Each structure stands twice: as C-alpha cells, then as structure tokens.
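Model, not experiment: these values are computed from the prediction.
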Amino acid sequence: MKRSIYFLGLFVAAFLTSCTEYETSSITGWDYNNPKNGGFQKVPYAEQETGPGLILVEGGTFTMGRIEQDVTYENHNVPRRVTVSSFYMDETEISNFHWCEYLYWVGRTYTDFPMIYKKALPDTLCWREKLGFNEKYVEYYLRHPAYRDYPVVGISWNQANDFAAWRTDRVNEYILIREGILLMNPNQQNEPFTTDAYFAGQYEQGLNPQGQIADLDPSKGGYDPTTGKFKPRDMATRIVKMSDGILLPRYRLPTEAEWEFAAYGLIGNTIDERIIEKRLYPWDGHWVRNPQENFQGDMLANFVRGRGDYMGVAGHLNDNADITAPIYSYWPNDYGLYNMAGNVSEWVSDVYRPLSSEDVDEFRPYRGNVFKTKTLNASGAVDEKYDATIYDIYGIEQYLIEFRAERQGKAERKYGYSPKNLLDSVETELLNTVDQYVQDAKKLLEDKQIIEASVKIQEIFDNVFEDFEMQVEQDVNLTGYSIQISPMLRVGMANYIVNTPGNVKMRNVTAEENMKRSNYRIADNIDYLDGDLKSSKWHPGDPDFNDPIISEFNAGTKNEDYAMYQRGPEASLGGIKNPAGAPTTLISDKSRVFKGASWRDRAYYLNPGTRRFLEEDRSTSTIGFRCAMDRIGSPTGIGVFK
C-alpha cells in the first residue's frame with residue numbers, strides 16, 4: 001500500500017508555507033521545515049519499512065562456534081560469546097524462479113553487453129558426477145516449472161553478491177515508482193536505475209514531473225528575502241535523499257555470525273534474560289524428527305539419514321526429497337525462517353580463516369572488510385557513473401595462462417587422466433591475439449586509464465572472436481574447421497566482470513587519507529591478524545632471519561598478500577620455487593564461508609555452528625543462499641520501551 005509521505009508534490013510545500021506553527025529546534029529555537037529561515041527539514045518518520053521477502057531477526061548475545069564434537073578435527077570454530085545487532089533476513093532461500101526473474105532482467109537490460117548475462121548464468125553442470133547419472137537436473141532443474149520453487153544452486157559467492165546488488169536497486173526503484181517520484185520505465189537498456197547513481201543525481205530517466213520533492217532551501221527558488229514574499233510554485237525540486245527515510249539499505253549476504261544466530265532461533269527459548277534450553281539444531285532437542293503427536297516421526301530437515309539413504313523407502317519417504325526440496329518445506333524456526341538446517345548449504349559474507357573466532361570483534365564479528373569510497377572528480381563531486389563494463393584484467397591474464405596450460409596438457413595439477421595437447425596452430429594464433437589485447441589493456445591500467453583498459457578487453461568480445469572466426473571461414477585450407485575455444489573463452493572471461501554500466505565508480509580507501517585514524521588505515525583488512533606479514537613466519541620481529549625476505553616484500557618483488565596464504569601467481573616465496581598458479585595452500589583471500597547442511601550432508605552439519613569454505617568463484621549443487629539487510633534504528637521496533 002502506498003505510504004503517506006508529505007513531500008511528494010509541490011502542493012505540500014504550499015501547505016507548509018501557509019502554516020504558522022512549526023516544530024522548533026531544541027538547541028537553536030529555529031523552525032524546522034520553514035523555507036523562510038533556511039528550510040532545514042525534519043521529515044516524519046516512524047520506522048524502517050520491511051523489504052520484500054524479509055523477516056526481522058531481533059539481535060542479542062549468544063555463544064558462537066562449536067557446540068558439538070569436532071569430528072573433522074579442524075578446530076576452526078572455537079566457542080566464543082558475541083553480540084549480533086538486529087537485522088533482516090530472507091524468510092527462505094532464493095529459488096530458481098527468483099533467479100530466472102533476475103536473468104530475464106539482465107538479458108533484456110544489457111543488450112549491448114551479452115557477457116553480463118553469461119556471467120549471471122548458474123553452473124547447471126554442477127549436477128554432473130563422474131559415476132552418477134544426473135543429466136535431468138542439468139537440463140531441467142533451473143528452468144522447468146516443476147522445480148520453480150526449489151532453491152537455486154550452482155551459484156558462486158560472486159554471483160550471489162551481484163544478485164543482492166540487483167535486488168537492492170529493483171526494490172528501491174519500485175519504492176520510488178510507488179511513491180510517485182519515478183514513472184514506470186521498463187526500457188533502461190544499458191543504463192539501468194541504481195540506488196547509488198540516483199543518490200548522486202546521475203539517473204534522470206523516468207522522473208515524474210508531478211511527483212518531485214519540494215526543495216525548501218529558499219536560495220534555490222520560491223522566496224525573495226528582500227520582499228519577504230514566498231511563491232511555492234517557484235520552489236526548486238530535489239531528488240530523494242537517504243535522510244528522507246524512504247529508500248531501504250542494501251540487500252547483502254548475511255555475515256557468518258548473523259546466519260548462525262538466526263539459525264538457532266533462540267528467541268523461542270528465552271524467558272526474560274534466560275535461555276532455558278541450549279540448542280544443537282534450529283529446534284529443541286537432540287533429535288532430527290518431529291516429536292509432536294500430529295507429525296511424530298516426520299523429518300525436520302532435508303539431509304542424508306545414512307549411507308545411501310537420501311529420501312527413505314517407497315511408501316513413506318523420510319524427508320520427501322531426493323535432492324533439494326521446495327523453499328517452504330519443513331517447519332520454520334522460531335524467527336519464522338525456513339530451511340536453516342538442511343536442503344542447501346548457504347553462502348555467508350565472511351572470508352574464511354581457521355582462527356577467525358579468536359581474532360574477530362565480539363560485537364558484530366566479521367572478517368572480510370575492504371573499505372571503499374566513491375570516486376570524486378577534480379571539483380570534489382561524485383565522478384560520472386560507468387558507461388562501460390569493467391573487467392578484472394589481471395584476473396583475465398591469469399585465467400588465460402591457466403587455460404593455455406590446460407589446453408596444452410601442461411597444467412600443474414593432474415586429475416587422473418593423461419594430459420593431451422589439444423592446442424593447434426589456429427587456436428594458438430587466436431590466444432596470441434587475445435593475449436596481446438590483454439597486455440595492451442594492462443598498460444592502460446598501469447597508466448590509471450581504467451575505463452579505456454576495460455574497453456580494450458571489450459573489443460575482444462565485440463571484434464576479435466568474430467573477426468577471427470570470419471577469417472577461418474574464408475580460408476579455403478580450413479574448410480569445415482570449427483574454433484572450439486572461442487565460446488569457452490567468452491564464458492571464462494565473462495566471469496571477470498567486476499562492474500557494469502550504470503554503477504557509480506568506487507575505489508579503495510588509501511592510507512594517506514586516513515593518516516589520523518586509529519581504527520583503520522588501509523582498505524584491505526582481510527588478512528589482519530591472520531594472513532598479513534606480521535602474522536606470518538616472515539614477521540618483522542625476527543630481523544636477523546627475515547630481513548632479506550622483508551626487503552623483497554617492501555620492494556614489491558614479493559606479494560605481501562601471499563606471505564601466509566598463497567593462492568596466486570608468484571615466481572618464488574622464501575626461496576621456494578612456485579610456478580604461476582600453483583597453490584601452496586587451500587586458503588586464500590577469496591575463500592568464503594558457507595554454513596549449514598545440504599541435501600547431501602549428514603546430520604552433523606545441521607548444527608549451525610559448523611563451517612566450511614569454498615573459493616568465491618566456484619559453485620556446487622549443494623550451496624545456495626539467502627539475503628540479509630541491516631536494521632536501522634531501534635532493534636525491536638516502535639514503542640518497545642513505552
């Protein structure tokens with residue numbers, strides 16, 4: 001239902017100026033909302049609107065981490081008491097139909113950038129097993145209406161974040177349309193609405209001339225201080241600001257602490273300040289079947305009961321699901337959240353480290369901060385939004401190195417088969433051409449020509465592949481030849497898109513702009529206390545032994561990010577030869593935590609305190625996700641203390 005907000009038209013300004021009574025400031029005595037004395041606004045505000053699909057999770061303190069035996073002997077979730085603020089979380093996992101809605105929007109919006117659509121596609125091949133026949137899920141699971149309400153899988157952490165950003169913009173765009181500030185505008189090809197671009201005044205499509213907000217600043221129009229006369233019709237208008245309280249905060253992935261806290265649902269076991277029963281699962285008791293008389297014996301979650309038992313016996317299926325189950329299956333926990341145990345494991349926001357539980361803050365714990373700020377132009381205003389697709393050029397370079405090595409049968413990793421050189425002279429020529437474009441893009445990037453560098457990569461998609469294929473077709477010596485690697489490279493390189501047209505430019509903060517801060521200095525704090533130089537064996541505390549290595553770090557010949565956890569290219573580290581791409585550890589800055597049990601897990605992982613990790617660009621048939629949102633203001637809602 002449309003909310004009653006007082007400033008949705010200019011007629012409201014006339015009403016305000018006709019009033020003689022204004023609320024006054026308690027510190028200066030000046031009127032609020034009075035254009036005649038400056039027009040500082042105080043908007044009417046009750047509380048945060050609940051976004052679509054969300055449920056309020058009231059925060060509090062709890063013991064995070066292991067409460068079950070450490071059967072994997074990883075010792076990476078040591079129990080610790082922490083506090084989580086109130087927040088919102090999706091009632092269910094994101095479904096296939098939700099994702100298809102997203103794909104449809106991406107496909108019809110980015111008409112000039114089809115690689116953005118390719119990046120958004122789930123990995124439907126994640127269902128395949130070497131010794132299992134799962135082709136029906138490959139073909140039907142994502143798009144067939146029979147699986148419409150099942151949780152989407154084959155989604156990487158990166159894709160889940162892209163979805164959350166898209167959802168934020170679509171919800172806020174709808175709110176502005178609902179409030180009459182924007183008109184419905186389905187034709188936003190290659191320049192869609194984004195919340196940040198709107199706040200920066202860089203989105204002008206679909207503005208409703210009759211619904212803009214009156215700007216009460218008299219210096220911008222409507223009030224003549226020399227005569228004291230006020231003309232409401234001459235008032236300027238402005239865009240919605242965050243201080244108006246209309247638009248919602250960002251959808252995002254929950255933190256590990258938030259997810260674990262929400263999964264337990266301890267609010268249902270609390271009397272006054274006492275948690276009367278500790279929980280092993282999102283429900284009471286140590287069993288996995290429903291004890292209630294009407295449902296006695298029914299499974300409370302979708303998981304593997306025992307070896308080879310994914311669904312029970314015919315005639316009485318124990319969890320009524322062979323793979324995943326519909327997102328509203330089983331009983332919700334005491335917050336009203338479905339499938340917080342079983343069905344699919346879920347991505348959370350945190351970067352994985354074995355000892356995070358010992359290092360992170362006790363209030364809103366989280367590892368993964370990379371602090372950013374909006375890019376400003378020379379005049380100090382927000383720089384123009386992107387009008388091109390932005391790529392991770394160094395990532396593409398490393399991808400091409402690994403692709404060529406795999407195609408030639410020279411990859412460092414062996415997978416149990418005899419490697420063969422499948423790279424012929426034609427494909428070699430294409431790869432050499434692509435490599436040259438990437439090198440040219442690197443030079444532009446080193447000169448801080450970020451957009452020009454990505455435009456150079458875009459030329460590979462727009463021109464190089466098609467031109468090369470045309471040359472092959474016209475070569476009489478290659479009649480019937482098919483370039484196999486072109487579609488592979490299109491899909492592989494599309495995974496390195498880091499920004500899309502319409503987004504506001506952001507950059508990492510720098511130490512020099514934070515010289516007087518004590519809480520942080522640099523942007524990337526992922527490795528803090530676990531992975532940085534000080535926490536590695538090359539720490540500066542042993543100068544006699546480590547000085548030569550530290551000098552290499554300081555000179556930039558060695559990557560400080562790899563001092564402890566190396567998952568990227570570097571010629572050597574501490575005198576140990578390490579070819580490009582050969583990992584020395586399974587953990588990296590791109591290792592992300594996922595929580596909870598899936599349809600392929602045993603009951604052990606139904607416990608919310610368990611944790612596992614996977615690289616952020618990978619996906620499986622067992623991992624899905626749900627979104628969260630910050631709760632702004634009161635943790636409980638209106639009138640709780642009255």
Restricting to pairs with a member in residues 254-271, which pass salt bridge (charged side-chain N to carboxylate O under 4.0 Å, His left out), not counting sequence neighbours?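 Listed by first then second residue: R252-E258, E256-K595, E256-R611, E260-K595.
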Which pairs would a plain distance check flag for residues 143-153, meaning a side-chain donor or acceptor within less than 3.5 Å of a matching protein atom at least two apart in sequence or in another chain?
residue, atom, partner, partner atom, Å
R143, NH2, Y117, OH, 3.4
H144, ND1, A146, N, 3.0

State which residues pass side-chain contact (heavy atoms from CB on, under 4.5 Å) with E101; sequence neighbours excluded, sorted by chain then number.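 Here the qualifying residues are W166.
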Please list, chain by chain and in numerical order, all residues satisfying salt bridge (Lys or Arg N to Asp or Glu O under 4.0 Å) with D530, sequence neighbours excluded.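 So D530 forms no salt bridge (Lys or Arg N to Asp or Glu O under 4.0 Å) with any residue.
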Would you find a donor on one side and an acceptor on the other, under 3.5 Å apart, between the side chain of [X] and the backbone of [Y]?
{"X": "R279", "Y": "G265", "result": "yes"}
{"X": "D392", "Y": "G395", "result": "yes"}
{"X": "D361", "Y": "F363", "result": "no"}

Do [X] and [Y] meet the criterion of a side-chain donor-acceptor pair at a distance under 3.5 Å?
{"X": "K119", "Y": "N495", "result": "no"}
{"X": "R600", "Y": "T622", "result": "no"}
{"X": "R364", "Y": "T255", "result": "no"}
{"X": "T324", "Y": "Y141", "result": "yes"}

Is a salt bridge present between [X] and [Y], judged by a nitrogen-to-oxygen distance below 4.0 Å?
{"X": "D359", "Y": "R353", "answer": "no"}
{"X": "E615", "Y": "R618", "answer": "no"}
{"X": "R167", "Y": "D162", "answer": "no"}

Below 6.0 angstrom between ring centroids: does that apply to F594 and F613?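 Ring-ring flag for F594/F613: false, centres at least 6.0 Å apart.
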Of all residues at least two apart in sequence or in a different chain, which pass the ring pair (Phe, Tyr, Trp, His ring centres under 6.0 Å) check with F62?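 For F62 the ring pair (Phe, Tyr, Trp, His ring centres under 6.0 Å) partners, ignoring immediate neighbours, are F261.
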Taking only residues two or more places apart in sequence or in another chain, which ones pass ring pair (Phe, Tyr, Trp, His ring centres under 6.0 Å) with H98?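 Ring pair (Phe, Tyr, Trp, His ring centres under 6.0 Å) check on H98 returns nothing, list empty.
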Please examine the side chains of Y330 and L300, heavy atoms only from C-beta on, and report whether any two atoms are closer than 4.5 Å.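 Contact flag for L300/Y330 side chains = no.
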Give the ring-plane orientation class for [X] versus [Y], where under 30° counts as parallel, over 60° as perpendicular and anything between as tilted.
{"X": "Y338", "Y": "Y328", "result": "perpendicular"}
{"X": "F163", "Y": "Y102", "result": "perpendicular"}
{"X": "W99", "Y": "F625", "result": "perpendicular"}

Evaluate the criterion side chain to side chain contact (heavy atoms under 4.5 Å, CB included) for residue pair F113 and I497; output intermediate values, then yes/no. CA-CA 11 Å; F113 305 97; I497 294 173; over 6 Å; no
Using the six-membered ring of Y605, assess whether NZ or CZ of R612 lies under 6.0 Å from its centre and within 45 degrees of the ring axis.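 So R612 does make the cation-pi contact.
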